[in-house]
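Keep in mind that the numbers below use all heavy atoms, side chains included, and drop hydrogens, waters and symmetry copies.
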Amino acid sequence: MKAIALNRVLIFLGWAGLFVAGVLSLSHAMGLQVPCGPTSDCDQLASHPSSSWVGIPVAYFGLLAYAVLSGLAMLREFIGLRTTMALFNVGFTLAAIGAVTSGLLQVQAISSLGVKCPWCIASAIVMGLTLVTYILMAQTDQDVEARSGGGFLVAAFAIAAIGATGFTYKQMAGNLTQVQKLDPAKEKEVLADIVGNPARVMGNPEAKITIVEFADALCGMCRSMYPQVKDLVENSNGKVRLAFRHYPLFQKAEHRMALPVAMIAEYAADEGKFWPFLDRAFTGEDALVQNLEGIYALAAEAGLDSSIVKKLVESQDDKLLDRVNADIKKAQDLGVRSTPTYIIIAEGLPTRRAVGSQIRTLLDMPEYKKILNNDAAKS
């Protein structure tokens, strides 16, 4: 009986793993943001090269592994443990490989990248518990025939996992909605100056679609998405413009340089060099935005006077800080919680919000495609 109970634990863990890996896989496949609390750590990790093997997201490998593990456990439940020792050995080996791999990936993410993805950590825990269960099961008498009632248990786990995945996907997809439910007066007030300083706007002032980006130069996903969004604007035939707003997450140790970058960007805006500096801050080597000397070097490359830049940063210039704080306040008013967040404003459409790679999914919606395609046809 103990062996049967442990095998059913394996079934449960297998379906729990399928839920976690399924959500992560959907986020990759559909370009949706995984719910990750108040940070963007999940998106930052998803955009890092270590999250793919030979061009395939690690989440897909996890999904396959959990599918095999749950399948093996269910098969043993139905045909009995006595005749399935070969299946046990396959499951044990797969669980051992999965536990070691998951553990190493989490160590790398936390120690090297400084990010914590709750979903990835949950997957590592599930895989670790699966290995422990196999170890315990190896010490029990497995000379047991199939047991009735196992099918109902398997079906219950399957329905629960699929239902949980579907509910989470609905939440993820549901983020492509209106910014938030504000009363008309509040909405008018919040959106009135959302575009902000014209010096921080790229593209045609008369563009029919405006993307307002709240970002942090030290955010991995921001750095990954920046060239893509810029390319979108430059190839929109004047139909899309980008307005940049600062949302530096400087409270996090690994983002401590985000505030100096934002301040220098504001000085660059005064000098007519906002975009040259931002280009370098977002697309330069990661190491250059991790220390002041590197940031000063990027400013010099953008044509800014390094001595003035250094003085403004060291003195914490009030004028520049006030502008950055105004952007942060705007972000908070709009309910922005992670970076990069995009507010999309288009003629005749509700104002919507997209986070991270969601922007691609949102702009592929028929109503946006219609604007872009109709305009393209006229040009």
Locate the shortest heavy-atom distance separating [X] from [Y]; write the atom from each residue and the value.
X: Gly203; Y: Val233; value: CA-CG1, 4.2 Å
X: Thr133; Y: Leu6; value: CG2-O, 3.5 Å
X: Leu298; Y: Ala281; value: CD1-CA, 4.1 Å
X: Met263; Y: Leu312; value: CE-O, 3.6 Å
X: Ala21; Y: Ala59; value: CB-O, 4.2 Å
X: Leu320; Y: Glu266; value: CD2-CB, 3.8 Å

Taking 4.0 angstrom as the limit, do Asp270 and Arg323 come out as a salt bridge? yes

Note: Lys329-Asp333 ion pair, threshold 4.0 Å (strictly below): yes

Out of curiosity, does Val90 fall in the hydrophobic cluster containing Leu63 (side-chain heavy atoms, cut-off under 4.5 Å, transitive links)? yes

Would you mind reporting whether Ile211 and Ile343 have side-chain heavy atoms less than 4.5 Å apart? no

After noting the C-alpha distance and the side-chain angles of Tyr66 and Ser123, does the key distance pass the side-chain hydrogen bond (donor to acceptor under 3.5 Å, both in side chains) rule? CA-CA 10 Å; Tyr66 284 120; Ser123 179; 3.1 Å; yes

Any donor-acceptor N/O pair, [X] side chain to [Y] backbone, under 3.5 Å:
X: Arg200; Y: Gly196; value: no
X: Lys230; Y: Gln228; value: no
X: Asp231; Y: Pro227; value: no
X: Ser102; Y: Ala99; value: no
X: Lys239; Y: Ile371; value: no

Hydrogens and angles aside, do Gln290 and Arg256 bring a side-chain donor and acceptor to less than 3.5 Å of each other? no

Between Tyr368 and Arg352, do the side chains contain an N or O donor and an N or O acceptor separated by less than 3.5 Å? yes

Which class fits the ring pair Tyr226 and Phe282: parallel under 30°, tilted 30 to 60°, perpendicular over 60°? parallel

Parallel, tilted or perpendicular, as decided by the 30° and 60° cut-offs, for the rings of Trp53 and Phe61: tilted

Atom [atom1] in [X], atom [atom2] in [Y]: separation rounded to 0.5 Å?
X: Tyr296; Y: Ser306; atom1: OH; atom2: OG; value: 9.5 Å
X: Thr130; Y: Leu94; atom1: OG1; atom2: CG; value: 9.5 Å
X: Arg76; Y: Asn7; atom1: CZ; atom2: CG; value: 5.0 Å

Check the pair Trp119 / Phe19 against ring pair (Phe, Tyr, Trp, His ring centres under 6.0 Å), numbers first and verdict last. CA-CA 10 Å; Trp119 293 87; Phe19 162 61; 5.6 Å; yes

Going by side chain to side chain donor-acceptor pair (under 3.5 Å), name the pairs with one or both residues in residues 309-322, residues two or more places apart or in two chains. none

From Leu334, Ile328, Asp327, residue fulfilling side-chain contact (heavy atoms from CB on, under 4.5 Å) relative to Lys330: Leu334

Kindly determine whether Phe214 and Phe244 satisfy ring pair (Phe, Tyr, Trp, His ring centres under 6.0 Å), including the steps that lead there. CA-CA 6 Å; Phe214 289 88; Phe244 187 89; 8.6 Å; no

